[in-house]
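Below is one structure; the comments refer to it alone.
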Amino acid sequence: MAAEAAERHLELLREEREAELAESRAWQESISLKELQRRGVCLLKLQAASQRTGLYGRLLVTFQPRKYDSDAELPYNSFGPGDIVGLYDSAGHNNPLSTGIVTRITSKAVTVAFEESRDGMLSLDRECSYRLLKLANDVTYNRLKKALNALKQYHSGPASNLIDVLFFSSDPSTFNETKPLKLYNDSLDASQREAVSFSLAQRELAIVHGPPGTGKTTTLVEIILQAVQQGLKVLCCAPSNVAVDNLVERLAGYKARILRLGHPARLLEPIQHHSLDAVLARGDNAQIVADIRKDIDQVFAKTKKAQDKGERNHFLSEIKSLRKELKEREETAMAAALTHASVVLATNTGASSDGPLKLLPENHFDLVVIDECAQALEASCWIPLLKSPRCILAGDHKQLPPTIISHKAAAKGLSLSLMERLIKRHGEKVVKMLTVQYRMHQAIMQWASLEMYGGQLTAHPSVAQHLLKDLPGVTSTEETTIPLLLVDTAGCGLFELEVEDEQSKGNPGEVQLAGLHIQALVEAGVKAKDIAVVAPYNLQVDMLREHLCHRYPELEIKSVDGFQGREKEAVILSFVRSNRKGEVGFLAEDRRINVAVTRARRHVAIICDTRTVSNQAFLKRLVDYFSQHGEVRTAFEYLDDLVPENYTQEGRSERQQGAKLSAAPGPKPQLPPGRKPKAAGTKPTCQKPEARFCPNTSGPERESPGTKDSASRFKAMLVAFLESSEMRLDFPPSLSSHDRMLVHLMAEEYGLQHVSTGEGRDRYISVCKKEPAKPSLPAAAPPSKQLPLPQPQHPSRETPVPPEPGGSSKGSGKVDLKSLHLERVQREKARQEEATRKAQEPRACLQGSSRKKDKCEAKGKAAAKSRADGVAEEDIDALISAAIKADNTCGFPCCKASVTTLGQLCLHCNRRYCLSHHIPEVHGCGEKAKAQARQRISREGVLYPGSGSKDKSLDPAKRAQLQRRLDKKLSELTGQRKGKKKDKEK
Ligand SMILES: Nc1ncnc2c1ncn2[C@@H]1O[C@H](COP(=O)(O)OP(=O)(O)OP(=O)(O)O)[C@@H](O)[C@H]1O
Ligand SMILES: [Zn+2]
Ligand SMILES: [Zn+2]
């Protein structure tokens, strides 16, 4: 049984390995070194800053950027401890001088341990320029293979019974008597205590299932301490260095004797303190070992100065014998340290018998604990498992499984973790689930609990109601008082970029929306370091970084997969997919969505096209949950240059005729051709009116049951109201926020004004017929001091969205949307007023400034000035108009042309330009435009490993061909843009 399984697994591993190799070949052959560096897998222009002899007599070389100032930082990279790297000199192309293992990396230097190279000694010149390239790691593969082969041939040994249980040829059993436990951590909750005693009572196998934030590590630490207390020798592993370090850090607080093998990923003192290197350095043998290493370094220096080959050989053989002595002494010291330790910690592959553990007798360990087991390849678990009669596995198989490159191998079972396999077969009798979670607001947790964890989770009272506003320094605003927010782009034309590569998806509209929401949070006092933006696609992660990093250096922007295991106070999710076909790609993985949502502690905002994502049942239920329990906004509320897709002119006028409305919409704004260069479908006119977010006709597939009814009910009410002589219509406070949104949208379509009044449960929405057009902004400016003013901002910030010039008189349909903002302002004001003097309700139907104006910033000077001078109340109007005027002229230096009606927004620099300057090449964004276009068809790389799997590895020839096609396309695009410009100028 076990042998067959091992054989099958070996086969899948081989497939995976081939896929991995093919991929890295394709990379290296068709991508320039610069590009490799950009993707974080290559470091160029390094110098060997120092070298010395390390453990096992390996040569440790520290590389730094080859720059004149010593403070230079390494470029962004994905190098980490344990990575295998090739060292190349700047001339050499194909064969590395040597290969080594990264042992340490900081922002300024990377240290690599080299084994002896073929000719005996690697000699590095301080003056030379080197590069390091990450190599496909066959150490790991070989260890996995070795473990599976050992499993296949296993006859008698410590793990015999365990193997039987793990392959179902015998049932798990328990120990007969168990003593009551005295806990080290007496704040454990009931489910955690149960998991502890259960795990200690199981003879072969126990599984601790820890949903997000339920204290899985806390529980494991208690289990390990209890096992040590019982005198057991524990081998504790996890698939990643970070997870191992996490356990080391938590265990270090207790008295247990712990020893960390391998290369810690984190440089924290307690973790370094328990590393094998550090333990050996403190040992009796340490002085002698240090002396021998010093000797080696000295002889090594002499080798370099050697006059002739004979002398050199002499030194080399001296080094050889010194190394032999070093190795013997080190191994004695290591064996002593290992034997002394109660808990040995390593990554799964670091527990391999080709490392220090070979120094221990076969039956040394009594218990193997594997954390994050659901994220490990089963093969990697077998490396430690074969060393013990008993195991405790912990993890959450409802989060993402290990990343597999080969789709075929994954489908055939390589991505099925040991933990999941065992739960599927043995069922509840081997599992205890932790059920109290200490991370999320109740409303965030509830969705995950119902969808993924059988409704069994409860939120600990310390977190159940916590909101952003409860953080120190955060004020109560609309955004900081809600745990769930859905920003819906349905019908807003914010499509995903259309790329040839299925795996790379981006959505510039969602990038902008994310930026605006972050701005609102930051302005309310939420720290950027407490916010994460998470997207399922690497291209979107790139675009978000490009747009947001410089403004909020502490903001974390990651792929979903890269953020697993982490948490943030506020999480903004950009789902990216928005297309006519309703394709959701790998959003369709429930576990990915579960991970994404459950990273958030106090606030989660989802930005998505509900119409596209609702094509998938799981996502539809997520959207429904947010609609029912959270606040829903439409992207219209945020962006002023949107052209609602369903508002075709015919559609609109038909409806308006019926409604006897005189408000003739102005010329329909065209979607600027430069706006979304390759967005799927930039032709709003050919859209049928009913195809999109049109409340009265919305397709049944995106609405929750009943919504369609409410939509027609609201429509009927509005039509009746329009035909009546009433000026105002109030809707009941019982409407859900989704219903309210429907009313907003409908009111807008009929050219009605709408506003929400009241607080909380008593909030209701009213619509009013419009009075004749009002003069523009200044006249409609804040009637009271409490209305938020345009925020003077730091001039270096980029303009997110230029403001609208007029008030609601502009009649292009979109202006009405501002009342949504107005309403919000209004509610905020109401809240403030109520707080100070429990007083009268605000009047409805105001006109005035818009949400966008708060967010917007002028070209700089006006705004900066207002800050410098301090704002005199009377000057506010003037300032606002000045700011708006500044923003209404072309962003090209010295160009005074107005961009109010004909301007176009450049997505690269976020400025608005007149028609002669809007082309990226003309105003200086040419490179960015090209880069973006290139990005669109560039494959996702190792840049953020694990974020999604790749479909097929391109062979180099195909890849090169693609590259040529891309270049051609790029120059065509450039040509086109230049051509258009010429036409215009004629
Ligand atoms: N019994 C408890 N009482 C109070 N707080 C607890 C308890 N158990 C865990 N916590 C808190 O919950 C948080 C998460 O704990 P821990 O790191 O053990 O969780 P985890 O489940 O391993 O996390 P992850 O979801 O990342 O795997 C920590 O801040 C911890 O202090
Ligand atoms: Zn630009
Ligand atoms: Zn211009």
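As the structure lists them, so they are numbered: ligands from 1, and atoms in each ligand from 1.
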Heavy-atom contacts with Asp189 under 4.0 Å: which atoms of ligand 1 show up? List them by number with element.
-> 1 (N)

Nearest-contact summary for atom 15 (O) of ligand 1 - protein heavy atom, Å | Gly215 CA, 3.5 Å

Can you tell me if Gly565 has a non-hydrogen atom under 4.0 Å from ligand 1?
-> yes

Please identify which atoms of ligand 1 are closer than 4.0 Å to at least one heavy atom of Ser187.
-> 1 (N), 2 (C), 3 (N)

Rounded to the nearest 0.5 Å, how far apart are CD of Gln442 and CD of Gln465?
-> 6.5 Å

Which of these, Thr218, Leu247, Asn185, has its nearest heavy atom closest to atom 18 (O) of ligand 1?
-> Thr218

Taking N or O atoms only and a 3.5 Å limit, does Pro212 qualify as a polar contact for ligand 1?
-> no

Check Glu510 against Ile607 and note the closest heavy-atom contact, atom names and distance.
-> OE1-O, 3.4 Å

Considering only protein heavy atoms, which is closest to atom 7 (C) of ligand 1, and at what distance to one decimal place?
-> Tyr438 CZ, 3.4 Å

Arg425 to Phe168, cation-pi by 6.0 Å centre distance and 45° axis angle = yes

Side chain, backbone, both or neither: which part of Arg250 comes within less than 4.0 Å of ligand 1 when only heavy atoms are counted?
-> side chain

Measure the distance from atom 22 (O) of ligand 1 to every protein heavy atom, then report the residue, atom name and distance (to 0.1 Å) of the closest one.
-> Thr217 OG1, 2.5 Å

Pair Glu222 + Arg193: basic N to acidic O under 4.0 Å = no

Just jot down the ligand 1 atoms closer than 4.0 angstrom to any heavy atom of Arg439, in number order.
-> 24 (P), 25 (O), 26 (O)

Would a search of protein heavy atoms around atom 4 (C) of ligand 1 find one under 4.0 Å away?
-> yes

Going from CG on Leu261 to SG on Cys236, what distance comes out if it is rounded to the nearest 0.5 angstrom?
-> 11.5 Å

Which residue and non-hydrogen atom of the protein lie closest to atom 8 (N) of ligand 1, and at what distance in Å?
-> Gln192 NE2, 3.0 Å

For atom 20 (P) of ligand 1, what's the nearest protein heavy atom and its distance?
-> Lys216 N, 3.3 Å

In short, Met433 meets Ser191 closest at the heavy-atom pair O-CB, 4.0 Å

Which atom of Met419 lies closest to which atom of Val208, heavy atoms considered | CE-O, 4.3 Å

Tell me whether the guanidinium CZ or amine NZ of Arg577 lies under 6.0 angstrom from the six-membered ring centre of Phe586 and within 45° of its axis.
-> no

Proximity to ligand 1 by part of Glu567, non-hydrogen separation under 4.0 Å = neither

Is Lys429 atom NZ crowded by more than 12 heavy atoms from other residues, nucleotides or ligands, each under 6.0 Å away?
-> yes

Hey, is atom 1 (N) of ligand 1 under 4.0 Å from any protein heavy atom?
-> yes

Starting from atom 25 (O) of ligand 1, locate the nearest protein heavy atom and write down its residue, its atom name and how far away it is, to 0.1 Å.
-> Gly213 N, 3.0 Å

Is there a donor-acceptor contact under 3.5 Å from the side chain of Arg602 to the main chain of Leu467?
-> yes

